[in-house]
Amino acid sequence: MSLIINGRFNRRKFLKTTAAGAFAASLPLGGAMAATPKRGGHLRIGKGHGQTTDTLNPGQFENAYMRGLTFAKDGHLTEVLADGSVGAEIAESWEASDDTKVWRFKIRKGVTFHSGKELTPEDVVASIRFHRGENSTSAAAPIVAPIREMHVEGDTVVFTLADGNADFPFILSDYHLAILPAEGDGIDWKSGDGCGSYKIKLFRPGISTTFERNENHWRDDVAWFDSIQMLSLVDQNARTTALVSGDVDTIDRLDLKTVGKLSRNPNLVISSIAGTQHFTFVMDARKAPFDDNNVRLALKYAINREEMVEKILFGYGTVGNDFPIGENQQFYNNDLEQRAYDPDKARHYLKKAGLDSLAVSLSAADAAFAGAVDAAVLFQNSAKPAGIDIKVVREANDGYWSDVWMKKPFTAVYWSGRPVQDQVFSTTYTCGAEWNDGFWCNERFDKLLTTARAELDEAKRQEQYYELQEIVSTQGSSIIPMFANYVYATSRKIGMPERTASNWDMDGERWAERWWFA
């Protein structure tokens with residue numbers, strides 16, 4: 001019986017899927033350039049991400065540049081399809097025990113690495129183990145921590161979890177969990193070897209990466225370009241100029257102020273896709289004054305969310321409510337009252353913190369998100385009537401993620417979200433998670449998340465996820481004022497499927513595999 005119905009798990013049936021329907025999801029999407037794919041050509045793509053400290057270590061991938069790189073270079077056990085369901089990739093099928101604690105993934109035969117080495121189940125075990133352990137610094141450590149044991153049975157990898165997890169196949173689609181060659185007690189990530197549809201020819205962190213198609217890839221329905229050059233163009237003007245001048249064929253993270261003008265260019269197609277992307281101002285909950293939840297609530301009431309959606313997103317998004325779940329996601333808490341701009345209530349919480357006024361510094365750069373500095377200035381202005389003085393610190397784009405994010409106490413951040421709630425909560429909000437950028441801990445939250453992960457009753461699971469969102473909204477250290485559409489531009493020469501994915505930017509960052517020259 002099918003595990004996936006309308007893009008969501010049917011937890012009342014035996015948890016099993018096969019490759020037979022894994023690539024069949026495609027629904028019409030207005031504006032997409034659908035045509036018959038054909039091979040050929042050299043794609044040039046400009047990404048508003050990337051920095052000189054980027055590394056091929058999959059546990060350290062931390063921006064959309066590296067996400068696009070790994071989806072071109074590497075294979076993963078599963079992938080998120082355009083309709084939001086989970087599909088087979090290196091794992092051709094899987095099944096679970098009734099309590100979803102034991103999962104069996106059958107590994108596809110005939111997959112080879114770029115070096116010519118055949119991929120084995122042992123490579124899969126080594127690749128997942130790489131992110132685990134007490135000393136792991138991998139961003140994926142929290143989502144693989146529940147794995148208690150892995151072993152190989154013939155062509156199958158068996159995972160035993162500490163608790164049931166009906167979303168486990170989604171978890172294994174995470175971009176950090178690339179399947180790489182086993183080497184000694186670890187994996188070979190330094191050589192750039194992979195089993196994806198493109199091979200890396202040259203990797204220059206913070207500058208560019210060049211790829212060529214892997215002629216020996218196991219799939220014949222992906223990788224239409226002969227070669228690709230991916231450029232790191234963090235500067236908004238440089239990125240836009242490169243597109244308009246024809247120096248690149250596509251860019252992400254458009255300057256929303258210029259979308260109207262760009263849309264009038266007959267050589268360009270603009271895509272605006274609602275998804276899980278959200279922009280945040282995160283506070284370090286370990287450090288004063290942010291260690292007081294009253295201060296955190298004061299700042300949450302001192303931000304004008306509607307103004308930000310209007311002036312930063314130019315309407316290409318919606319207001320957020322300080323939890324990282326989008327309105328189109330399962331178990332979204334629409335019962336939670338929307339937090340509104342209220343300087344008087346902000347002053348009320350300052351007084352509860354024993355303060356008459358507050359002065360803090362907020363670090364921002366366009367590397368965080370396009371318009372982040374302007375958003376910080378809007379926050380500065382809206383906070384003044386509440387007695388809050390925000391000093392906006394304009395940081396350098398290069399090195400923002402290594403030198404500012406999770407280093408300074410109050411920073412602007414973008415998050416692409418995750419396809420399921422457990423994944424985003426585990427990655428970013430559980431105590432001690434590598435990417436818990438607010439360094440926030442809540443015992444009730446951690447305990448309830450474990451319970452919700454294993455719950456198969458839909459009504460109970462919804463109740464639990466509603467409470468989790470309320471805890472984050474009312475006690476967390478992330479201010480989430482807005483959810484932003486993915487807005488990107490492509491040359492009219494680019495062909496796309498009729499339906500493009502919304503789990504990440506630019507067709508789920510699968511542009512290298514899914515797009516072609518029309």
Side-chain angles (χ1 to χ4, degrees), residues 19 22-26 35-45 47 56 58 61 64-82 86-92 107-120 123-124 127 172-181 187-189 191-203 208-231 249-250 490 494-497 499-501 503-518:
F23 307 111
S26 181
T36 302
K38 61 180 182 179
R39 301 208 186 279
H42 176 68
L43 177 72
R44 301 158 303 167
I45 178 170
K47 298 288 286 181
L56 293 177
F61 295 163
Y65 186 96
M66 297 308 295
R67 191 179 305 131
L69 182 149
T70 190
F71 283 146
K73 178 185 83 74
D74 299 315
H76 298 72
L77 281 173
T78 61
E79 68 169 314
V80 177
L81 301 175
V86 63
E89 197 175 343
I90 298 304
E92 68 174 24
I107 305 306
R108 190 179 302 278
K109 294 183 183 298
V111 179
T112 58
F113 291 101
H114 301 153
S115 61
K117 176 188 178 299
E118 183 177 358
L119 184 148
T120 68
D123 294 314
V124 172
S127 296
L172 295 178
S173 73
D174 187 88
Y175 65 98
H176 300 94
L177 303 181
I179 306 304
L180 299 177
I187 54 175
D188 169 22
W189 59 264
S191 71
D193 197 8
C195 61
S197 53
Y198 284 91
K199 305 176 184 179
I200 288 183
K201 300 300 293 181
L202 180 64
F203 173 55
S208 67
T209 305
T210 55
F211 306 86
E212 68 176 20
R213 185 170 58 236
N214 174 17
E215 298 291 352
N216 296 318
H217 193 248
W218 59 274
R219 289 181 65 179
D220 60 6
D221 61 344
V222 296
W224 305 103
F225 305 110
D226 291 334
S227 57
I228 298 171
Q229 182 180 34
M230 180 168 60
L231 300 168
D249 303 300
T250 180
T490 55
I494 300 294
M496 298 181 190
R499 180 168 186 167
T500 54
N503 58 304
W504 300 113
D505 201 357
M506 303 190 90
D507 204 356
E509 293 294 357
R510 293 277 183 167
W511 44 267
E513 290 192 333
R514 297 174 181 173
W515 296 1
W516 63 88
F517 281 120

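Keep in mind it's a predicted model, so treat the numbers as computed, not measured.
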Report summary line: Smallest heavy-atom separation, Trp224 atom then Arg213 atom, equals O-NH1, 3.2 Å
Query - CA sep, side-chain torsions, deciding dist, call: Trp511, Phe71, side-chain contact (heavy atoms from CB on, under 4.5 Å) - result: CA-CA 9 Å; Trp511 44 267; Phe71 283 146; over 6 Å; no
Query raised in the report: Do the side chains of Lys109 and Trp218 get nearer than 4.5 Å, heavy atoms only?
Result: no
Query raised in the report: Is there a donor-acceptor contact under 3.5 Å from the side chain of Arg44 to the main chain of Ile228?
Result: no
Query raised in the report: Does Glu509 come within less than 4.0 Å of Arg514, counting only side-chain N to carboxylate O?
Result: no
Query raised in the report: Does the side chain of Leu119 reach to within under 4.5 Å of the side chain of Ile107, using non-hydrogen atoms?
Result: yes
Query raised in the report: Salt bridge or not for Lys73 and Glu212, using N-O below 4.0 Å?
Result: no
Requested in this report: Can you measure from OG (Ser208) to CG (Leu202) and round to the nearest 0.5 angstrom?
Outcome: 6.0 Å
Report task. Indicate yes or no for a side-chain donor-acceptor contact from Asp505 to the backbone of Gly508 under 3.5 Å, with no hydrogens or angles considered. Result -> no
**Report entry** Side-chain touch His42/Phe211, heavy atoms, less than 4.5 angstrom
**Finding:** no
Query raised in the report: Can you check whether Ala88's main-chain N or O pairs, donor with acceptor, with Thr78's side chain at less than 3.5 Å?
Result: no
Report summary line: Between Thr210 and Gln229 the two heavy atoms that sit nearest each other are CG2-CG, 4.1 Å
**Report entry** Cationic N near anionic O, under 4.0 Å, Asp193 to Lys117
**Finding:** no
Query raised in the report: Hey, are the side chains of Glu79 and Leu81 touching, using non-hydrogen atoms and a 4.5 Å cut-off?
Result: yes
Query raised in the report: Which atom names give the shortest non-hydrogen contact between His176 and Phe61, and what distance separates them?
Result: NE2-O, 2.8 Å
Query - From CG (Leu56) to CZ (Phe203), nearest 0.5 Å - result: 4.5 Å
Report summary line: For Thr112 and Cys195 the tightest heavy-atom approach is O-CB, 3.5 Å
Query raised in the report: Has the side chain of Asn214 got a donor or acceptor atom that lies under 3.5 Å from a matching backbone atom of Gly196?
Result: yes
Query raised in the report: Honestly, is Arg39 close enough over Trp516, meaning NZ or CZ under 6.0 Å from the six-membered ring centre and within 45° of the axis?
Result: no
Query - Ring-face cation contact, Tyr175 with Arg67, 6.0 Å cut, 45° max - result: yes
**Report entry** Leu180/Asp123 under side-chain contact (heavy atoms from CB on, under 4.5 Å): CA gap, chis, key distance, verdict
**Finding:** CA-CA 6 Å; Leu180 299 177; Asp123 294 314; over 6 Å; no
Requested in this report: Please lay out, stage by stage, how Thr209 and Ile200 fare under the test side-chain contact (heavy atoms from CB on, under 4.5 Å).
Outcome: CA-CA 7 Å; Thr209 305; Ile200 288 183; 4.3 Å; yes
Query raised in the report: Mind checking whether Val222 and His217 have side chains closer than 4.5 Å, heavy atoms only?
Result: yes
Query - Between Tyr198 and Ser227, a side-chain donor and acceptor under 3.5 Å - result: no
Query raised in the report: How many angstroms lie between atom CE of Met506 and atom CE of Met496, to the nearest 0.5 angstrom?
Result: 7.0 Å
Report task. Could you pull out the closest heavy-atom pair between Ala512 and Phe225, with the gap in Å? Result -> O-CD1, 4.0 Å
Report task. Under the side-chain contact (heavy atoms from CB on, under 4.5 Å) rule, what do Asp74 and Ile179 come out as? Steps first, then yes or no, please. Result -> CA-CA 7 Å; Asp74 299 315; Ile179 306 304; over 6 Å; no
Report task. Classify the side-chain pair Ser197/Glu513 by whether it contains a donor and acceptor separated by less than 3.5 Å. Result -> yes
Query raised in the report: Do Leu69 and Met230 have side chains that get closer than 4.5 Å, going by heavy atoms?
Result: yes
Report summary line: Given the options Thr250, Asp507, Ile45, Thr490 meets side-chain contact (heavy atoms from CB on, under 4.5 Å) only with Thr250
